[in-house]
Amino acid sequence: MPEIFINGQSVQAERNQNVLDAALAAGIELPYFCWHPELSIAGNCRVCAVQVEGRSWVEIACNMPATEGLRVQTDTELVNEYRKSVLQLLTLNHPVDCGICDKAGECKLQDFHYQYNGSPSISVDPKVRATKFFPLSERIILDNERCILCSRCVRFTHEISRSKALGIKQRGGASLVRPTEDGSFDSDVYSDNVIDICPVGALL
Ligand code: SF4
């Protein structure tokens, strides 16, 4: 079992474990949206970034193998600046409609925004509008303005339920989670689970 050091604290990691997983198992808090212990690593939310001692840049902890002797810092000035910028980006086009959101009070975006950003949006441009009530299936509605494109729901249908019924179409600010046109999300008997693994209130 490799021994790593997080903020100087010795942590015994599991074989083939990543730094994020090892930190959480040791009770060390790190923010994350896209990572999930039962899903593949996407590394697209970037918020779990840490700094390896001696390096002048940050790297994501979910895709960093916990190798013997590795030393990382989770709360340097660089890490906190980077996390703040990630939260600013993720909330750039978010409607911030927490007052009417079912997930308010248990939303990771809300929690991490206050923990690592807490400032009003720095953008002077109007938010990009997207579909508010898109029916993914007969039972599940997607609010694309709340979606942070973590891809957890997409990976769930590819890796767990195996229906491959969800994907992300378009690119950049136009990206949208959408179901395949054959209606296979409707017949995916595990599909309702995506509501629980969505880290924000985008799936209803
Ligand atoms: Fe992630 Fe939720 Fe958007 Fe799916 S709907 S990509 S789980 S934020």
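Just so you know, these numbers come straight off a predicted model, no measurement behind them. In what follows, residues are counted from 1 in the order of the sequence shown. In each ligand, atom 1 is the first atom listed, and ligand 1 is the first ligand listed.
- Contacts of Val154 with ligand 1, taken as heavy-atom pairs under 4.0 Å, are absent altogether.
- Considering only non-hydrogen protein atoms, atom 2 (Fe) of ligand 1 sits nearest to Cys198 SG, 2.3 Å.
- For residue Cys150, an N/O/S atom approaches atom 1 (Fe) of ligand 1 to within less than 2.8 Å.
- Within the 4.5 Å cutoff, side-chain heavy atoms of Met64 are placed close to those of Leu70.
- Closest protein heavy atom to atom 8 (S) of ligand 1: Ile148 N, 3.5 Å.
- In terms of protein heavy-atom proximity, atom 4 (Fe) of ligand 1 is closest to Cys153 SG, 2.3 Å.
- Distances below 4.0 Å separate heavy atoms of Leu142 from the following atoms of ligand 1: 5 (S).
- Between Cys147 and Val200, the closest heavy-atom pair is CA-CG2, 4.5 Å.
- Contact annotation: for Val200 versus ligand 1, heavy atoms closer than 4.0 Å belong to the side chain alone.
- The single protein non-hydrogen atom nearest to atom 6 (S) of ligand 1 is Ser151 N, 3.2 Å, given as residue, atom name and distance.
- With hydrogens left out, the protein atom closest to atom 3 (Fe) of ligand 1 is Cys147 SG, 2.3 Å, a heavy atom.
- Taking all atoms of both residues into account, the shortest heavy-atom contact from Asp186 to Ser137 is OD1-CB, 3.2 Å.
- Near Val177, with a cut-off below 4.0 Å to any heavy atom, the atoms of ligand 1 are 6 (S).
- The aromatic rings of Tyr116 and Phe112 sit tilted, their planes meeting at an angle between 30° and 60°.
- Here Asp143 does not pair with Lys103 in a salt bridge; the nearest charged N to carboxylate O distance is not below 4.0 Å.
- For the pair Arg83 (side chain) and Val47 (backbone), a donor-acceptor distance under 3.5 Å is present.
- Residues Arg178 and Thr131 bring a donor and an acceptor atom of their side chains to less than 3.5 Å of each other.
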